[in-house]
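Notes for the one structure printed next.
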Amino acid sequence: MRALALSLFLPATLAACGPVSVEQAERLCYDRARLAAGPRGEVGLGIASDGNVASNIKLEISSDYIAGRDPSAIYDSCVYRKSGQPPRLPLYMRPDWRG
């Protein structure tokens with residue numbers, strides 16, 4: 001019984017590890033490249049009518065940024081690793097790049 005369950009589960013798990021389309025890889029790798037270019041954050045502040053104050057701070061810093069890695073190199077290697085193909089456009093030529 002256990003072998004049967006394993007034989008049904010293992011192929012589905014391995015299929016998830018296969019390459020994705022280059023378009024999907026570019027979407028997945030874009031955020032990693034943006035974080036390699038610099039930290040991202042949000043600050044929120046609210047004051048209720050009774051005087052209570054609420055605040056929210058969110059800061060994202062990647063190890064790629066701390067190590068000083070090139071966002072374009074991060075993007076290229078990530079896309080290639082996920083799809084087996086190079087990106088269709090270099091990172092810095094993408095119209096949505098806001099590094």
Side-chain angles (χ1 to χ4, degrees):
M1 180 70 167
R2 189 172 165 182
L4 177 62
L6 186 59
S7 68
L8 294 174
F9 177 72
L10 191 59
T13 303
L14 293 176
C17 297
V20 298
S21 70
V22 71
E23 294 85 4
Q24 185 177 4
E26 289 171 340
R27 283 191 303 275
L28 294 170
C29 297
Y30 182 76
D31 283 336
R32 183 170 175 201
R34 280 189 58 227
L35 282 173
R40 302 281 183 239
E42 298 175 4
V43 177
L45 180 65
I47 302 174
S49 58
D50 62 2
N52 286 331
V53 177
S55 63
N56 180 33
I57 298 174
K58 178 182 176 184
L59 181 63
E60 292 180 272
I61 301 174
S62 76
S63 59
D64 294 324
Y65 173 74
I66 293 170
R69 294 187 183 107
D70 177 25
S72 183
I74 298 292
Y75 179 74
D76 290 348
S77 65
C78 179
V79 171
Y80 190 80
R81 190 173 54 254
K82 290 185 179 299
S83 71
Q85 299 176 44
R88 295 172 298 165
L89 274 178
L91 178 66
Y92 299 136
M93 293 184 69
R94 285 180 57 136
D96 58 350
W97 174 246
R98 297 174 275 143

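Residue numbers run from 1 in the order of the sequence given.
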Closest approach of P19 and S83, non-hydrogen atoms and distance?
CB-O, 4.0 Å

Tell me who clusters with V53, hydrophobic residues only, linked when side chains sit under 4.5 Å apart either directly or through other members.
L45, I47

Listed by chain and number, what are the salt bridge (charged side-chain N to carboxylate O under 4.0 Å, His left out) partners of D31, not counting sequence neighbours?
R34

Among residues two or more places apart or on two chains, list those pairs meeting salt bridge (charged side-chain N to carboxylate O under 4.0 Å, His left out) that have a residue in residues 53-67.
R32-D64, D64-R69

Apply side chain to side chain contact (heavy atoms under 4.5 Å, CB included) to L28 and list each qualifying residue two or more places apart in sequence or on a separate chain.
Q24, K82

Which residue pairs pass the disulfide (SG to SG under 2.5 Å) test with at least one member in residues 39-99, sequence neighbours excluded?
C29-C78

I61 and L35: side chain to side chain contact (heavy atoms under 4.5 Å, CB included), yes or no, with the steps?
CA-CA 7 Å; I61 301 174; L35 282 173; over 6 Å; no

The salt bridge (charged side-chain N to carboxylate O under 4.0 Å, His left out) partners of R27 (sequence neighbours excluded) come to none

Give me the other members of the hydrophobic cluster that W97 sits in, counting Ile, Leu, Val, Met, Phe, Trp and Tyr linked by side-chain heavy atoms under 4.5 Å, directly or via other members.
V22, Y30, Y75, V79, L91, Y92

By side chain to side chain donor-acceptor pair (under 3.5 Å), R81 pairs with (sequence neighbours left out) none

Partner residues of D50 under the side chain to side chain contact (heavy atoms under 4.5 Å, CB included) criterion, sequence neighbours left out:
A48, N52

Quick one: salt bridge (charged side-chain N to carboxylate O under 4.0 Å, His left out) pairs with a partner in residues 90-99, sequence neighbours left out?
R94-D96

Report the residues that fulfil side chain to side chain contact (heavy atoms under 4.5 Å, CB included) with P86, sequence neighbours left out, ordered by chain and then residue number.
Y80

